[in-house]
Amino acid sequence: LTRAELTGRLGVNRSTVAALVAELVALGAVEEERPGSTHGAGRPSLVVKPCPERVQAVAAEIGVDHVDVVLVGLGGTVLSRRRRRLATTSPPPRDVVTVVRALVGDVLDDSAAGDVVVGLGVALPGVVRESDGCVRFAPNLGWTDEPFGALLTAGLDGLPVRVGNDADLGALAEHLRGAGRGVDDLVFVAGEVGVGGGLIVDGRPLRGAGGYAGEIGHMVVRADGRPCHCGSRGCWETEIGMAAVARALGVPAGSIDDVVERLGALRRAGPDAPVPELEHLGRFIGIGVGNLVNLTNPRLVLLGGLLRQVYPFVAAAVDAGMRTTALRAPAEEVELAVPGLGGDAVLLGAAEAVWQGLLADPVAGIRTSATMGQLRRRLG
Ligand SMILES: [Zn+2]
């Protein structure tokens with residue numbers, strides 16, 4: 001925004017905006033530049049924009065068999081990234097903390113000693129208690145009531161940690177910065193090994209009484225279907241999760257890499273090559289989406305994670321499946337798409353959770369945060 005726009009939106013005078021901006025410039029949070037084009041006479045108002053290099057958040061995404069960690073600058077720029085495979089599926093939380101700590105150390109090495117790290121946001125496929133990051137239930141990680149937030153905080157020597165559900169964070173990032181900008185009603189479907197959902201309703205995240213809303217992967221779509229890791233049967237994720245995609249493609253269900261590689265080979269074969277094995281899967285994606293359309297009347301449904309790579313092959317089947325379950329009126333208003341932030345939606349959402357804390361009081365937040373140099377010494 002320009003200084004003039006800030007003055008108008010905040011309803012304060014120009015000198016107050018100048019003083020506030022100067023304070024944030026001194027802290028390295030924002031920078032000012034002359035606008036690209038000038039209209040009319042007079043001196044153009046300076047544009048105030050986030051400075052991505054100096055104030056940073058670390059974000060981690062815990063998958064069933066891998067951990068991704070990125071360093072994100074203010075404004076959402078990914079500055080550095082690392083990925084590590086986990087040796088086992090269903091890894092103990094302490095082992096995951098060790099991996100996260102090592103990867104955080106690696107991404108910090110890419111920054112200058114004086115840069116400020118505001119906190120660590122962590123996304124994982126499970127039901128998370130927001131207040132303390134306790135993982136109440138993550139069936140595909142094999143975790144129940146694990147105090148993961150407390151373990152991480154201890155393991156990262158006091159770096160502020162926020163833990164959240166991967167799909168909730170993906171929905172947040174897409175709503176603020178991705179395909180869902182300006183869309184007040186959207187559903188983000190995070191399809192990996194399991195399937196989660198993040199819902200924005202009337203412009204706000206749908207949380208539910210305990211913050212656990214959106215477990216759409218466990219909507220039952222087939223009462224006599226396959227057993228699910230949650231203990232139920234015929235859940236949506238048994239029909240469209242990674243195991244179902246692997247079954248359809250005829251690859252081993254154990255590795256998401258094999259599934260992604262096979263999808264890549266199909267893509268290289270050309271967009272017109274039909275993939276009949278995936279038709280049934282596409283239909284079931286659509287049946288579940290239709291249920292969500294009936295429930296929340298979204299403007300936009302984003303298919304993220306592995307589903308982002310599946311969707312282009314089965315868009316017609318998804319649409320047909322949706323129309324078998326969705327009522328006509330809400331179905332007329334919905335658009336299906338893939339995330340605008342691509343494969344980074346969940347990671348950027350985890351960083352967003354850190355920024356939201358900072359935005360409440362940026363000056364105090366930056367002044368009390370550790371520098372890269374301090375963190376590196378603490379993490380050894
Ligand atoms: Zn289930």
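Each ligand, and each atom within it, is numbered from 1 in the order the structure gives. One is the number of the first residue; the rest follow in order along the sequence.
- Seen from the Zn ion (ligand 1), atom SG on Cys228 and atom SG on Cys235 lie at an angle near 110° (rounded to 10 degrees).
- For His218, the N, O or S atom with the smallest separation from the Zn ion (ligand 1) is ND1.
- Residues Val135 and Pro93 have side chains not in contact (no heavy-atom distance under 4.5 Å, counting atoms from C-beta outward).
- No option in Ile240, Ile285, Val310 other than Ile285 meets the side chain to side chain contact (heavy atoms under 4.5 Å, CB included) test with Leu303.
- Using a cut-off of 2.8 Å, one finds that Cys230 contributes an N/O/S atom close to the Zn ion (ligand 1).
- By the 4.5 Å heavy-atom criterion applied to side chains, Asp185 and Val201 are counted as neighbours.
- The existence of a salt bridge linking Arg136 and Asp145 is confirmed by a sub-4.0 Å separation between a basic side-chain nitrogen and an acidic carboxylate oxygen.
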